[in-house]
Amino acid sequence: MKMRMVKGMVAALCLTMLAPAAAVSVPGGEMVVLASGTQAPTTSENDKKEDSKETAITMQDQKYAVATLNAYKISLRPSAEQAIELEKKLKEAYEAIGYDNSKSGDDAYGSSKCGSKQELDATVENYKKDMDEIMKKSSGSNNGGDNVIIEDVDDEEEDDDDNEEDPPVTPDHFLMVGGSWVTPVANAGQTISVVLPVVNMGKTMVTDAVVTPVLSTDTSAWPFEITSSNYSQTIPDLPGTDTGMTDMDRRRELTWELKTRSDIGSGYQKLSFEVRYRDSDGESQTATLDTFVQLKGTAGVGADGKSSVPRVIVTGFETNPENVHAGESFMLTLHLKNTSTATSVNNMVFEIEAAVEGKDEDTTYAAFLPTAGSSTIFVDRMEKNGAKDIQIELEAKADLTQKPYAVNVNMSYEDEHVNAYTSTSSVSIPVKQEARVDISAPEVMPGSISVGSEANIMFNIYNMGKTKLYNVQVKTQSDTVSGGDAFVGNLDPGATGAVDVYVTGQSPTMDDGTVKVQITYEDETGASTAVDKEISLFVSEASMDDFMTDDSMMDGSDMEIEDGQTSKYIVALVVVVILVAGALAGVIYMKTKKKKEQMSLEEDLLDSDDDTE
């Protein structure tokens, strides 16, 4: 008689013989139940008559197909070498079914390459046959499986039996995550209880099971703080199905209290647990059980646990004094903020870099220089969403033009995971130049007038500073005279403006004869400044005694003019004419002299500018 090797019955048929109903684990955390006496899903007689009609594939069909293939692979009890080949074959089967084992839950199931339910069932059967072929191509040993030798006494059926497939035998031990456990939610920074229900779906008793979570410092693999050197827990025994106990009675639950890391992302994450146990023969076996947790992480952290780039920005600045003048020192305060809500920043170095002035390498210079000699500032730490101020004392160069100057803040820092970052911010600091205004010696012609008479006032305005003066005006402020207003316009640095005004006597001078002349101008921001100067001008009462006569003197019949009196009038008239002529000559001379002085001063200023350049 000929001996033949039978690998056993199909996993679903074995489970049917051992219990009224058996459950097969489906990736994603669900259980697919195989009803007793049938191979799920079953078809009715009417359905069998409709075999020619194609049925659409549902997600439940895909889950059942994946569970069937997984259970079939486990039932074969392959060696390590065979397991690798079976995994490759299963990967092909997953692609045909439309299952992605890198994802979890319903997200793992997509479009199937099978066009109908019938084609899906046929695909599962074909891959089961492919797995049998892999087992047959092994070295011929049992490879750890519970294969049995059966004598075939029916020689006549020997040829027919050789062509039949040998179904595998149900394994003695098959550990899995039992029940439909609710997926726990892990909030960032909080403690969570992770429960792992373990059940032995095999036939015989399993003992001394040691369950250890697979730890990692990578948050994408283990999202909890590692606070202990040993997380292993022991299950003394896991009864098999041959005890007649229900799945619930055979289930054992293990619980871990874990603290969720603060830098996790949001999403679902798989947790793996290694199980080492002894089978009914006392041999050591291993298995891996997976469960899932839902993570609710911190804003700014991705599902892979990687934090977004922490940004440190300059939110504002202050200077003390508030107005920075060229040639003076000031305290610069920068307001900083860490915009990240996921990570703090450490080892912060700030380099303060002022704008560079000048046209070529030989004449360039920094607009601001640190008074302490160093422009580097160190800050040890800034918390999440935290703020901090830094200060540095700077001195503005004396020859700066009045305008805003940029100051760059170069930053380098690290996050909580020692990842290095750099960034740059800038602020703009306005610099003011002190306006310097002076005038030439005023010329007043004449220096004394009577009420109702006019006097000419002339002087030059000099812009001695390095900033432009806008809308320069002159006003005379006195109770004894009126008029004397003039608009000069804009004066560039080093320019001269001429003032030539007339004032009229209004009332006699009762003091020392001082008349105030006010010069006003605006800077580039529109701010107005007034400068007061003083001149000397006396105003006396009006007198007509030397030029007026009585009405009787105008009457020729009544007026008697003596020779001596006639002489007096003639002399007085001559004197008046001489005085008027002299005054006119003096005015002409003074105007000519003033113009010559102005031209000479402008030439001196131009020569001075050339020497400065």
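- Donor-acceptor pairing under 3.5 Å is recorded for the side chains of Asp512 and Thr514.
- Between Ala398 and Ala326 the shortest heavy-atom distance is O-CB, 3.6 Å.
- What you find for Val539 and Ser507 is that their closest heavy atoms are CG1-O, 3.2 Å.
- Under the salt bridge (charged side-chain N to carboxylate O under 4.0 Å, His left out) criterion, Lys533 pairs with Asp438, sequence neighbours left out.
- Separation of atoms CD (Glu434) and CZ (Arg436) is listed at 10.0 Å; rounding is to 0.5 Å.
- In this pair, Tyr99 and Tyr109 present their aromatic rings tilted. The plane angle is within the 30 to 60° band.
- At a cut-off of 3.5 Å, with distance as the only test, a side-chain donor of Ser375 or Glu351 sits close to an acceptor on the other residue.
- Here the shortest heavy-atom pairing between Gly189 and Lys259 reads O-CE, 3.7 Å.
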Practice problem: Before giving the answer on side chain to side chain contact (heavy atoms under 4.5 Å, CB included), spell out for Ile390 and Thr333 the whole-Å C-alpha distance, their side-chain angles and the decisive distance to 0.1 Å. | Solution: CA-CA 6 Å; Ile390 59 174; Thr333 302; over 6 Å; no
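- Of all heavy-atom pairs between Ala498 and Val488, the closest is O-CG2, 4.5 Å.
- Among Thr376, Val379, Ile392, the single residue meeting the side-chain contact (heavy atoms from CB on, under 4.5 Å) criterion with Phe350 is Val379.
- Closest approach of Ile449 to Ser453, counting heavy atoms only: CD1-O, 3.4 Å.
- Checked by atom type and distance alone, the side chain of Trp256 never pairs as donor or acceptor with a backbone atom of Val195 at under 3.5 Å.
- Between Asp485 and Val501, the closest side-chain pair of non-hydrogen atoms is not below 4.5 Å.
- Side-chain contact between Pro184 and Gln294 is absent, with no heavy-atom pair separated by less than 4.5 Å.
- Between Phe330 and Phe368, the ring planes are perpendicular. Angles over 60° get that label, and only those under 30° would be called parallel.
- Contact of the Asp523 side chain with the Thr467 side chain is not registered, since no non-hydrogen atoms from C-beta on lie closer than 4.5 Å.
- With rounding to the nearest 0.5 angstrom, the OG1 atom of Thr183 is 8.5 Å from the CZ atom of Phe292.
- Heavy atoms from other residues, nucleotides or ligands lying under 6.0 Å from NZ of Lys337 number more than 12.
- In the model, Asp492 has no side-chain atom that pairs as donor or acceptor with a side-chain atom of Asn463 under 3.5 Å.
- Remark: Asn320 CG to Glu322 CD distance equals 9.5 Å, nearest 0.5 Å.
- No donor-acceptor distance shorter than 3.5 angstrom exists from the side chain of Asn460 to the backbone of Thr496, with no hydrogens or angles considered.
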Quiz item: How far apart are the C-alpha atoms of Leu332 and Ile429, what are their side-chain angles, what is the distance that settles it, and do they pass the side chain to side chain contact (heavy atoms under 4.5 Å, CB included) test?
Solution: CA-CA 9 Å; Leu332 173 64; Ile429 301 177; 3.9 Å; yes
Practice problem: Determine, step by step, whether Leu394 and Thr371 satisfy the side chain to side chain contact (heavy atoms under 4.5 Å, CB included) criterion, reporting the C-alpha distance in whole Å, the side-chain angles of both residues, the deciding distance to 0.1 Å, and the verdict. | Solution: CA-CA 5 Å; Leu394 301 173; Thr371 58; 5.9 Å; no
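- Between Glu257 and Thr191, some side-chain heavy-atom pair lies under the 4.5 Å cut-off.
- Here the straight-line distance linking atom CG of Asp107 with atom CG of Asp100 works out to 10.0 Å at 0.5 Å rounding.
- None of Ser344, Ser340, Ser262 except one satisfies the side-chain hydrogen bond (donor to acceptor under 3.5 Å, both in side chains) rule with Glu416; the exception is Ser344.
- Side chains of His325 and Gln433 form no contact here, defined as non-hydrogen atoms less than 4.5 Å apart.
- Distance check: Ile264 CD1 to Asn187 CG gives 7.5 Å after rounding to the nearest 0.5 Å.
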Quiz item: Are Gln190 and Thr260 close enough, and set up right, to give a side-chain hydrogen bond (donor to acceptor under 3.5 Å, both in side chains), and what steps lead you there?
Solution: CA-CA 5 Å; Gln190 298 183 9; Thr260 310; over 6 Å; no
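- In this structure, the side chain of Ser228 engages the main chain of Asn230 through a donor-acceptor pair within 3.5 Å.
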Self-check item: Candidate pair Ser216 and Asp218, rule side-chain hydrogen bond (donor to acceptor under 3.5 Å, both in side chains), full reasoning
Solution: CA-CA 5 Å; Ser216 175; Asp218 186 1; 5.3 Å; no
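- A 4.5 Å side-chain heavy-atom check between Phe317 and Thr319 finds at least one atom pair inside the cut-off.
- Taking the salt bridge (charged side-chain N to carboxylate O under 4.0 Å, His left out) definition, one finds that Asp479 meets it with nothing, sequence neighbours left out.
- In terms of the salt bridge (charged side-chain N to carboxylate O under 4.0 Å, His left out) criterion, residue partners of Glu383 (sequence neighbours excluded) are, by chain and number, Arg381.
- Side-chain contact of Gln506 with Ser482: a donor-acceptor pair under 3.5 Å is present, judged by distance alone.
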Practice problem: Begin from the C-alpha positions of Asp380 and Asn347 and carry the test side chain to side chain contact (heavy atoms under 4.5 Å, CB included) through to its verdict. | Solution: CA-CA 5 Å; Asp380 57 347; Asn347 296 329; 5.7 Å; no
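- A side-chain donor-acceptor contact under 3.5 Å links Thr476 to the backbone of Gly484.
- Taking all atoms of both residues into account, the shortest heavy-atom contact from Leu537 to Thr509 is O-OG1, 3.9 Å.
- Looking at heavy atoms from C-beta onward, Thr520 lies out of side-chain contact with Val472 at the 4.5 angstrom threshold.
- For the atom pair OH (Tyr413) and CZ (Phe378), the distance works out to 15.0 Å, reported to the nearest 0.5 Å.
- Side-chain contact check for Thr424 and Asn410: at least one donor-acceptor pair (N or O, by modelled atom type) lies under 3.5 Å.
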Practice problem: Take Asp415 and Tyr421, measure what side-chain hydrogen bond (donor to acceptor under 3.5 Å, both in side chains) needs, and give me the verdict at the end. | Solution: CA-CA 8 Å; Asp415 62 12; Tyr421 304 94; 3.0 Å; yes
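- Within the 3.5 Å criterion, the main-chain N or O of Arg311 finds a donor-acceptor partner in the side chain of Thr339.
- For the pair Tyr470 (side chain) and Gly489 (backbone), a donor-acceptor distance under 3.5 Å is absent.
- Looking only at side-chain heavy atoms (C-beta outward), Ile313 and Thr315 come within less than 4.5 Å of each other.
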